[in-house]
Amino acid sequence: MPRAVARAEHLDPTAFTPGFCYRRGELCCERVNLESLVSRAGTPLYVYSSASLTSAYRRFDAAFDGIPHSLCYAVKASSNLSILRLFARLGSWFDIVSGGELYRVRRAGVPGGHIVFSGVGKTREEIREALRARILMFNVESEAELELLAEEAAKVGRPAPAGLRVNPDVAAGGHPHIATGHHTHKFGVDQAEALRLYAAYRRSPWIRWDGVSAHIGSQILSVAPFRRAVARMASLAKSLIRAGIPLRYFDFGGGLGVRYTDEQPADLVEYAQAITRAVSPLGCRLLLEPGRALSASAGILLTRVLHTKSNRERRFVIVDAAMNDFLRPAMYAARHPLTAVVRRTGMRRRPVDIAGPVCETGDVFARDFPLEDVQSGDLLALWGAGAYGFVAASNYNSRPRPAEVLVEGNRFRVIRRRETRHDLIRGEL
């Protein structure tokens with residue numbers, strides 16, 4: 001991580017992270033003191049604010065009041081059952097990308113008609129399960145998948161509701177690994193292929209064309225790529241409607257970026273207006289798949305300082321969380337600010353590398369980060385961990401995965417217990 005980056009990271013994350021604040025120098029989530037919480041729940045620990053999740057959902061939903069729409073929360077961003085139930089109570093539908101996510105949302109009490117199934121590699125078994133659940137729509141990503149879907153629909157004796165995921169050939173996304181809408185990516189089909197497939201299956205007894213879909217990437221900070229993509233997709237939708245293919249749904253995916261450090265996210269109202277203007281004339285229901293935009297800022301990862309050390313001019317703070325607990329910095333070189341949970345007066349900031357105990361050089365949360373002076377036993381908060389955090393956790397180095405806690409006002413509850421060493425070997429022979 002370049003040294004120049006760290007200068008922006010001294011900002012107080014509570015200034016742009018609702019649900020969290022310092023009171024008398026101690027970090028709180030809503031009305032729960034986090035040092036007290038950790039004394040009962042341990043570290044590493046994911047903590048989520050229910051108020052923050054709720055306000056993010058309502059704000060996003062309200063931005064699209066001018067058009068019939070449904071938000072389909074992207075389950076891959078944060079899939080804990082309690083979080084899924086919270087969004088379901090708010091009226092959310094759900095976007096899934098695997099049979100496991102289908103199982104999760106069904107266990108959370110979500111009706112099949114509120115589920116959209118995306119993903120480039122659906123198996124026959126996953127398709128069969130989704131057909132039995134009577135999901136809203138399959139976002140199909142290839143001709144081979146379309147053939148498989150028709151075969152399975154014939155076995156259950158009813159047509160499969162489907163739309164093609166079309167690649168609008170728009171480069172976007174905050175990192176090459178999370179850009180999905182260019183012709184070089186594995187996702188979707190191009191527009192010419194889409195037109196051919198819609199026509200070829202127009203009279204199929206086992207495919208019912210219900211929509212069209214696109215998703216161009218994640219952590220996108222400008223409205224411009226969305227504007228280009230939705231214009232191309234709206235043009236395609238008009239061509240399909242003129243050809244006599246009815247479209248009930250226009251699924252425009254997710255991807256709206258958030259602030260982690262010094263990013264300047266696109267304005268939500270401007271984003272909504274750009275999409276609404278293009279989709280309104282089509283007469284379709286707009287589906288959107290926000291994930292990060294709803295949950296990233298609602299969660300933090302708490303970790304305890306094990307010790308500090310120096311190697312010549314390098315200063316290291318070694319913590320008990322690691323890349324297996326939170327992968328984004330190692331995978332994407334993602335920047336997440338870290339702050340002390342308890343702030344002492346007069347403490348100076350010095351550039352340090354904040355690293356975990358996993359036996360990998362890449363197990364570093366931040367390099368040259370201007371952190372307050374800390375010592376063994378102190379608690380740190382890693383911010384913006386509410387999306388793509390626990391869902392990507394693993395047992396690498398035979399480390400049990402952390403617990404998750406949801407805060408609701410002045411109370412909290414454990415929504416995933418901390419794994420034990422017995423959990424590490426469960427299922428092994």
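Starting from 1, each residue takes its place in the sequence as its number.
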Asks: Can you tell if the side chain of I96 reaches within under 4.5 Å of the side chain of V105, non-hydrogen atoms only?
Replies: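 They are in side-chain contact.
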
Asks: Could you check whether the rings of Y271 and F226 sit parallel, tilted or perpendicular, using 30° and 60° as the cut-offs?
Replies: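 Ring orientation of Y271 relative to F226: perpendicular.
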
Asks: Determine, stepwise, if the pair L34 / V47 fulfils side-chain contact (heavy atoms from CB on, under 4.5 Å).
Replies: CA-CA 9 Å; L34 293 184; V47 179; 4.1 Å; yes

Asks: Below 4.5 Å, heavy atoms only, C-beta onward: do L148 and I127 meet side chain to side chain?
Replies: yes

Asks: Can you tell me how the ring of F87 sits relative to the ring of Y73, calling it parallel under 30°, perpendicular over 60° and tilted otherwise?
Replies: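 Tilted: the ring planes of F87 and Y73 meet at 30° to 60°.
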
Asks: Counting only heavy atoms not in R202 (residues, nucleotides, ligands), do more than 12 fall under 6.0 Å from its CZ?
Replies: yes

Asks: Could you tell me whether D210 and R248 make a salt bridge, using a distance below 4.0 angstrom between a side-chain N and a carboxylate O?
Replies: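 Looking at D210 and R248, the cut-off is met.
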
Asks: Please check if atom CZ in R124 has more than 12 non-hydrogen atoms from other residues, nucleotides or ligands closer than 6.0 Å.
Replies: yes

Asks: Write down the atom of A330, the atom of M323, and the distance for their closest heavy-atom approach.
Replies: CB-CE, 4.0 Å

Asks: Looking at E145 and K122, is there a salt bridge between them, counting it only when a charged N and a carboxylate O are closer than 4.0 Å?
Replies: yes

Asks: Dump the intermediate steps for side-chain contact (heavy atoms from CB on, under 4.5 Å) on V189 and E141, then the final yes or no.
Replies: CA-CA 6 Å; V189 299; E141 305 220 16; 6.0 Å; no

Asks: Within the supplied structure, the quantity of interest is the number of heavy atoms (other residues, nucleotides, ligands) at a distance under 6.0 Å from R23 CZ; does it exceed 12?
Replies: yes

Asks: So, S82 and R413: side-chain donor and acceptor under 3.5 Å apart, yes or no?
Replies: yes

Asks: Report the C-alpha distance between R227 and E270 in whole Å, list the side-chain angles of each, state the deciding distance to 0.1 Å, and finish with yes or no for salt bridge (Lys or Arg N to Asp or Glu O under 4.0 Å).
Replies: CA-CA 10 Å; R227 188 176 286 114; E270 182 184 357; 3.6 Å; yes

Asks: Looking only at heavy atoms, which two atoms of L286 and I275 are closest? And how far apart?
Replies: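 Taking L286 first and I275 second, the nearest heavy atoms are CD2-CG2, 3.8 Å.
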
Asks: So does D423 pair up with R417, basic N to acidic O under 4.0 Å?
Replies: yes

Asks: Does any non-hydrogen side-chain atom of V75 lie less than 4.5 Å from one of D95?
Replies: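 Side-chain contact under 4.5 Å: no.
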
Asks: How about F60 and L256: do any of their side-chain heavy atoms sit closer than 4.5 Å?
Replies: yes

Asks: Do R285 and Y249 meet the cation-pi criteria used here (NZ or CZ under 6.0 Å from the six-membered ring centre, within 45° of the axis)?
Replies: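 Because its charged atom misses either the 6.0 Å distance or the 45° angle limit, R285 does not stack over Y249.
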
Asks: I would like to know whether F138 and L131 meet side-chain contact (heavy atoms from CB on, under 4.5 Å); could you show each step before the answer?
Replies: CA-CA 9 Å; F138 292 85; L131 284 168; 3.7 Å; yes

Asks: Does the side chain of C359 come within less than 4.5 Å of N397's, by heavy atoms?
Replies: yes

Asks: Go through the steps to decide whether L268 and R59 satisfy the test side-chain contact (heavy atoms from CB on, under 4.5 Å), and finish with yes or no.
Replies: CA-CA 9 Å; L268 176 58; R59 180 170 173 263; 3.7 Å; yes

Asks: Salt bridge or not for E152 and K155, using N-O below 4.0 Å?
Replies: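 Salt bridge between E152 and K155, a charged N being under 4.0 Å from a carboxylate O: yes.
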
Asks: Do R399 and E419 sit within salt-bridge range, that is, some charged N less than 4.0 Å from a carboxylate O?
Replies: no

Asks: Given the side-chain rings of F20 and W383, with only the six-membered ring counted for Trp, is the space between their centroids under 6.0 Å?
Replies: yes

Asks: With side chain to side chain donor-acceptor pair (under 3.5 Å) as the criterion, how do E129 and Y103 come out once you've worked through the C-alpha distance, each side chain's angles and the decisive distance to 0.1 Å?
Replies: CA-CA 9 Å; E129 291 169 2; Y103 178 78; over 6 Å; no

Asks: Find out whether V116 and L287 are in side-chain contact, i.e. whether some heavy atom of one side chain is under 4.5 Å from a heavy atom of the other.
Replies: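 V116 vs L287: side chains touch.
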
Asks: Is the centre of the H215 ring less than 6.0 Å from the centre of the F252 ring?
Replies: no

Asks: Are E289 and K76 ion-paired here, with the side-chain N under 4.0 Å from a carboxylate O?
Replies: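 A salt bridge is absent here (no side-chain N lies under 4.0 Å from a carboxylate O).
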
Asks: Looking at R58 and D61, is any side-chain nitrogen of the basic one under 4.0 Å from a carboxylate oxygen of the acidic one?
Replies: no

Asks: Between V317, D353, V305, which is the residue that forms a side-chain contact (heavy atoms from CB on, under 4.5 Å) with L371?
Replies: V317

Asks: Check step by step if side chain to side chain donor-acceptor pair (under 3.5 Å) holds for S50 and E408.
Replies: CA-CA 6 Å; S50 61; E408 299 163 308; 4.9 Å; no

Asks: Can you list the steps and then say if R292 with Y260 is a side chain to side chain donor-acceptor pair (under 3.5 Å)?
Replies: CA-CA 11 Å; R292 184 193 315 268; Y260 290 110; 2.8 Å; yes

Asks: Does the side chain of L102 reach to within under 4.5 Å of the side chain of R106, using non-hydrogen atoms?
Replies: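 A side-chain contact under 4.5 Å exists here.
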
Asks: Hey, are R196 and E143 close enough for a salt bridge, meaning a charged N less than 4.0 Å from a carboxylate O?
Replies: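 Looking at E143 together with R196, the answer is yes, because their closest N to O distance falls below 4.0 Å.
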
Asks: Hydrogens and angles aside, do S394 and N324 bring a side-chain donor and acceptor to less than 3.5 Å of each other?
Replies: no

Asks: Considering only heavy atoms from C-beta outward, does the side chain of L247 approach that of L282 to under 4.5 Å?
Replies: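 Counting from C-beta outward, L247 and L282 never come under 4.5 Å.
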
Asks: Using the side chain to side chain donor-acceptor pair (under 3.5 Å) rule, take Y22 and T339 through it: C-alpha gap first, then chi angles, then the decisive distance, then the call.
Replies: CA-CA 11 Å; Y22 279 93; T339 62; 2.9 Å; yes

Asks: State, to 0.1 Å, how close H336 and L382 come at their nearest heavy-atom pair, and which atoms those are.
Replies: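 Minimum heavy-atom contact is CB-CD2, 3.8 Å.
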
Asks: For the residue pair R401 and F390, would you count it as a cation-pi contact if the rule is NZ or CZ under 6.0 angstrom from the ring centre and within 45 degrees of the ring axis?
Replies: no

Asks: Report yes or no: is the cationic atom of R335 (NZ for Lys, CZ for Arg) under 6.0 Å from the centre of the six-membered ring of F365, at an angle within 45° of the ring normal?
Replies: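 Judged by the rule, R335 and F365 form no cation-pi pair.
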
Asks: Could you check whether atom CZ of R411 has more than 12 heavy atoms from other residues, nucleotides or ligands sitting under 6.0 Å from it?
Replies: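 No, the 6.0 Å shell around CZ holds no more than 12 heavy atoms from other groups.
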
Asks: Where is the tightest heavy-atom contact between P225 and I220, given as atom of each residue plus distance?
Replies: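 For P225 versus I220, the nearest heavy atoms are CG-CG2, 4.1 Å.
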
Asks: Over all heavy atoms of both residues, which pair between L236 and Q191 is shortest? Give the atoms and the distance, please.
Replies: CB-OE1, 3.8 Å

